[in-house]
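Everything below concerns the one structure shown next.
Note that the numbering runs from 1 along the sequence shown for the chain.
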Amino acid sequence: MPITRYALAAVAVSLAFASPASAQAMFTGAIGNVFGGDAPSTKKVWSLAIGGGGAHGIGSELEYSQVENFFETADGVAHGRIMTLMPSIFVAIPIKIVRPYGIFGFGFIRQRTEASQGGLFSGLSDDDVGYSVGGGVTVYFARSVGVRGDLRHFKVRKSDGISFQRFTVGLVLGG
C-alpha cells in the first residue's frame with residue numbers, strides 16, 4: 001500500500017534529522033486561522049506540536065491540527081473538517097531570544113465531510129498525503145517559554161487536491 005511507504009518515509013526523515021540526546025525538546029500549542037486557496041472563508045484552527053532541535057538549529061517536529069466547519073454549501077452552511085498530521089523538518093537561526101525558522105513537512109491532510117465520517121487514520125489513501133511549507137519566528141521571554149508566529153501553505157499532493165494557508169500564534173514550552 002503506497003500510503004504506508006509515504007508514512008514510513010516521513011517518520012524516517014523526521015528521525016534522521018532529530019538531534020542527539022542533547023537536543024532540547026519543545027511543546028507548542030497554537031490557535032489561528034486558515035485562509036486562501038480552497039478555504040471558502042477564514043476559519044479557526046488549533047494545533048499541537050512536539051519536537052526538538054539541536055545547537056545547530058536543525059530539528060524536527062510532529063504536529064496535529066484541526067479545522068472545524070471548513071467546507072460551505074451554496075447557501076453558506078458550514079460543515080466538515082480538515083485534520084493534518086505533519087512530521088516536519090525545520091531550520092532555525094539560533095539567536096538567543098528571537099529565532100526565525102523555515103519548515104517543511106510531508107504527511108497526512110484529511111478532509112472529512114458529513115458523507116465521509118471517521119478519524120485521522122480510518123481509510124487512508126494516496127489522496128490524503130500532502131505537504132506543508134512555511135516559516136515563522138519564535139520569541140523567547142524566559143529561558144524555556146516563548147511565543148511563536150507561524151505561516152504555512154498546505155497542499156494535498158494530487159493536482160486537484162485541496163490547498164490553503166494557515167497562520168497560527170502559539171505558546172512554546174522548551175526549546
Side-chain angles (χ1 to χ4, degrees), residues 3 6-7 9-19 24-53 57-72 78 80-95 98-112 120-121 124 126-140 146-175:
I3 193 70
Y6 292 124
V11 171
V13 167
S14 289
L15 292 175
F17 283 97
S19 299
Q24 294 186 8
M26 65 183 173
F27 172 80
T28 305
I31 58 171
N33 290 314
V34 297
F35 56 92
D38 294 315
S41 61
T42 301
K43 303 292 183 180
K44 302 285 184 223
V45 63
W46 61 267
S47 67
L48 297 173
I50 57 171
I58 298 173
S60 62
E61 101 176 354
L62 178 64
E63 180 196 65
Y64 175 81
S65 70
Q66 187 167 310
V67 181
E68 293 291 334
N69 299 315
F70 184 87
F71 305 100
E72 292 180 6
R81 65 182 172 199
I82 301 286
M83 297 173 286
T84 68
L85 182 64
M86 197 69 56
S88 300
I89 297 169
F90 65 85
V91 177
I93 300 173
I95 306 170
V98 178
R99 295 183 187 165
Y101 64 90
I103 191 163
F104 175 79
F106 188 77
F108 301 114
I109 302 174
R110 298 298 309 265
Q111 305 172 49
R112 286 294 181 222
L120 181 64
F121 296 110
L124 286 173
D126 285 344
D127 296 342
D128 299 314
V129 176
Y131 66 89
S132 70
V133 63
V137 64
T138 304
V139 178
Y140 284 92
V147 176
R148 172 166 108 167
D150 186 275
L151 178 64
R152 297 187 201 187
H153 172 76
F154 288 80
K155 172 83 170 102
V156 171
R157 71 178 187 90
K158 64 182 191 169
S159 62
D160 62 344
I162 194 167
S163 70
F164 56 90
Q165 285 70 247
R166 184 190 80 189
F167 177 75
T168 57
V169 175
L171 180 64
V172 178
L173 302 175

Solution key, residues 26-38 side-chain donor-acceptor pairs under 3.5 Å, sequence neighbours excluded:
residue: D38; atom: OD2; partner: S163; partner atom: N; Å: 2.8

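- F154 and F164 have their aromatic ring centers within a separation under 6.0 angstrom.
- Nearest heavy atoms, V156 versus G161: CB-CA, 3.9 Å.
- Here the closest heavy-atom approach between residue K158 and residue K155 is recorded as O-NZ, 3.0 Å.
- For the pair F70 and Q111, the minimum side-chain heavy-atom distance is 4.5 Å or more.
- For the atom pair OH (Y131) and CZ (R157), the distance works out to 12.0 Å, reported to the nearest 0.5 Å.
- Atom CG in L85 sits 7.0 Å away from atom CZ in F108 (nearest 0.5 Å).
- Using a 4.5 Å heavy-atom threshold, the side chains of F104 and V91 count as separate.
- Checking side-chain atoms of K43 against main-chain N and O of N69 turns up a donor-acceptor pair under 3.5 Å.
- Between W46 and T168 there is no side-chain heavy-atom pair separated by less than 4.5 Å.
- Minimum heavy-atom separation, G107 to P87: CA-CD, 4.0 Å.
- Nearest heavy-atom pair across K44 and V67 is O-CG1, 3.5 Å.
- Every pair passing salt bridge (Lys or Arg N to Asp or Glu O under 4.0 Å) that includes a residue from residues 165-175 is listed here, sequence neighbours excluded: E63-R166, D150-R166.
- Counting only heavy atoms from C-beta outward, the side chains of T42 and F167 never approach each other to under 4.5 Å.
- Considering CD1 of I109 and CE of M83, their distance stands at 12.0 Å, rounded to 0.5 Å.
- Summarising the geometry, atom CG belonging to L62 is positioned 10.0 Å from atom CE belonging to M86; distances are rounded to the nearest 0.5 Å.
- The shortest distance between side-chain heavy atoms of S47 and R152 does not fall below 4.5 Å.
- The distance from the CG atom of L171 to the OG1 atom of T138 is 11.0 Å, given to the nearest 0.5 Å.
- Rounding to the nearest 0.5 Å gives a distance of 10.5 Å between CZ of R110 and CD1 of I82.
- Side chain of Y140 to backbone of G174: a donor-acceptor contact under 3.5 angstrom is found.
- Ring orientation note: the planes of Y101 and F90 are nearly perpendicular, at an angle over 60° on the 30°/60° scale.
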